[in-house]
Amino acid sequence: MPHHALEITLTRPLPPAALHRAARLLPLAANHDATRLMALVHAKTPHRAARRLRHLLGARLPIDVITTHYPDADHKVLLNVAFAPATHAALKEEARRAHQTLQRFVELALHRALAEHADQEIDRLDRAVRQMLAHTTPAYLLSAVGHALTRLPESPTP
């Protein structure tokens with residue numbers, strides 16, 4: 001059985017003692033403020049690994065989202081979210097009305113939201129570039145962008 005790398009996003013920073021207690025059940029690596037954790041989980045599939053992780057740590061940690069750290073062969077990342085009962089019931093009803101499974105309904109809603117966010121970001125950047133071009137030439141702007149990009153410690157990823 002393979003190991004799956006999973007990332008845990010917490011709803012709030014984790015005190016060192018709570019991280020230590022959780023790490024006794026499963027080795028965990030934390031980021032600088034203990035709001036994101038990494039774990040390797042032994043399971044047949046990523047779905048089972050996420051379920052096992054939530055079962056092991058869900059009562060001990062303020063888990064918001066569990067995701068696979070690496071995309072699968074279809075370039076998709078598994079997203080494991082535990083909804084409050086009222087939210088789950090409302091989503092299930094909306095999915096039923098749309099003649100979709102709950103998983104498919106949430107997946108499509110997430111895709112729509114991400115596409116809308118990408119469109120808004122492109123529009124924002126387009127406005128910013130046009131504003132900069134009002135005060136300089138394309139060659140100077142391109143040179144400045146190249147200069148700035150070579151000096152970034154870490155570029156953000158979409």
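Just so it is clear, the structure is predicted and the values come from calculations on it, not from any experiment. For the numbers below, each heavy atom of this structure counts, side chains included, while hydrogens, waters and symmetry mates do not.
- The side-chain heavy atoms of Leu37 and Leu61, taken from C-beta on, include a pair separated by under 4.5 Å.
- Counted within 6.0 Å of NE2 on His3, heavy atoms from surrounding residues, nucleotides or ligands total more than 12; the atom is thus considered enclosed.
- Looking at Thr9 and Ile63, their side chains never come closer than 4.5 Å, going by heavy atoms from C-beta outward.
- Between atom CG of residue Leu19 and atom CG of residue Leu28 there is a gap of 6.0 Å, rounded to the nearest 0.5 Å.
- Pairing each heavy atom of Ile66 with each of Ala50, the nearest pair is CD1-O, 3.9 Å.
- Considering all non-hydrogen atoms of both residues, Ala95 and Leu102 come closest at CB-CA, 3.9 Å.
- Taken together through direct or relayed side-chain contacts under 4.5 Å among Ile, Leu, Val, Met, Phe, Trp and Tyr, Val145 and Tyr140 form parts of separate hydrophobic clusters.
- Counting only residues at least two apart or in different chains, side-chain hydrogen bond (donor to acceptor under 3.5 Å, both in side chains) contacts with residues 120-129 comprise Glu116-Gln120, Glu121-Arg124, Asp126-Arg130.
- In this structure, the side chain of Thr68 engages the main chain of Leu78 through a donor-acceptor pair within 3.5 Å.
- Not a single side chain to side chain contact (heavy atoms under 4.5 Å, CB included) links Asp119 to another residue, sequence neighbours left out.
- Closest approach of Pro62 and Arg12 over heavy atoms only: CB-NH1, 3.3 Å.
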Could you walk me through whether Glu107 and Arg112 pass salt bridge (Lys or Arg N to Asp or Glu O under 4.0 Å), step by step?
-> CA-CA 9 Å; Glu107 182 180 350; Arg112 282 191 302 273; over 6 Å; no
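- Side chains of Leu141 and Val129 form a contact here, defined as non-hydrogen atoms less than 4.5 Å apart.
- Using a 4.5 Å cut-off on side-chain heavy atoms (C-beta onward), Leu26 and Leu57 make contact.
- Judged by distance alone, with hydrogens and angles left aside, the side-chain atoms of Asp74 form no donor-acceptor pair with the main-chain N or O of Lys76 at under 3.5 Å.
- No donor-acceptor pair under 3.5 Å is formed between the side chain of Thr136 and the backbone N or O of Leu133.
- In this structure, the separation between CG on Leu6 and CZ on Arg52 is 11.0 Å, given to the nearest 0.5 Å.
- In plain terms, the two heavy atoms of Pro13 and Pro15 that are nearest each other are O-CD, 3.7 Å.
- Between the side chain of His4 and the backbone N or O of Ala43 there is at least one donor-acceptor pair closer than 3.5 Å.
- For the pair Leu110 and Leu79, the minimum side-chain heavy-atom distance is below 4.5 Å.
- Contact between Leu53 and Ala39 at its shortest, heavy atoms only, is CD1-CB, 4.3 Å.
- Looking at Asn80 and Arg54, their side chains do bring a donor and an acceptor atom within 3.5 Å of each other.
- Note that CE of Met1 is 8.5 Å distant from CZ of Arg48, once rounded to the nearest 0.5 Å.
- To the nearest 0.5 Å, the span separating CZ on Phe105 from CZ on Arg97 amounts to 9.0 Å.
- Residues Val81 and Val77 do not share a hydrophobic cluster, clusters being chains of Ile/Leu/Val/Met/Phe/Trp/Tyr side chains in contact below 4.5 Å.
- In this structure, the separation between OG1 on Thr101 and CZ on Arg96 is 14.0 Å, given to the nearest 0.5 Å.
- Residue pairs meeting the side-chain hydrogen bond (donor to acceptor under 3.5 Å, both in side chains) criterion with at least one partner in residues 18-37, sequence neighbours excluded, are Glu7-Arg36, Asn31-Asp33, Asn31-Thr35, Asp33-Thr35.
- Residues Leu25 and Leu56 share a closest heavy-atom pair of CD1-O, 3.7 Å.
- At a threshold of 4.5 Å between side-chain heavy atoms, the hydrophobic network of Ile, Leu, Val, Met, Phe, Trp and Tyr places Leu125 and Leu149 in two separate groups.
- Note: the hydrophobic cluster containing Val65 does not contain Tyr70 (ILVMFWY, side chain heavy atoms under 4.5 Å, direct or indirect links).
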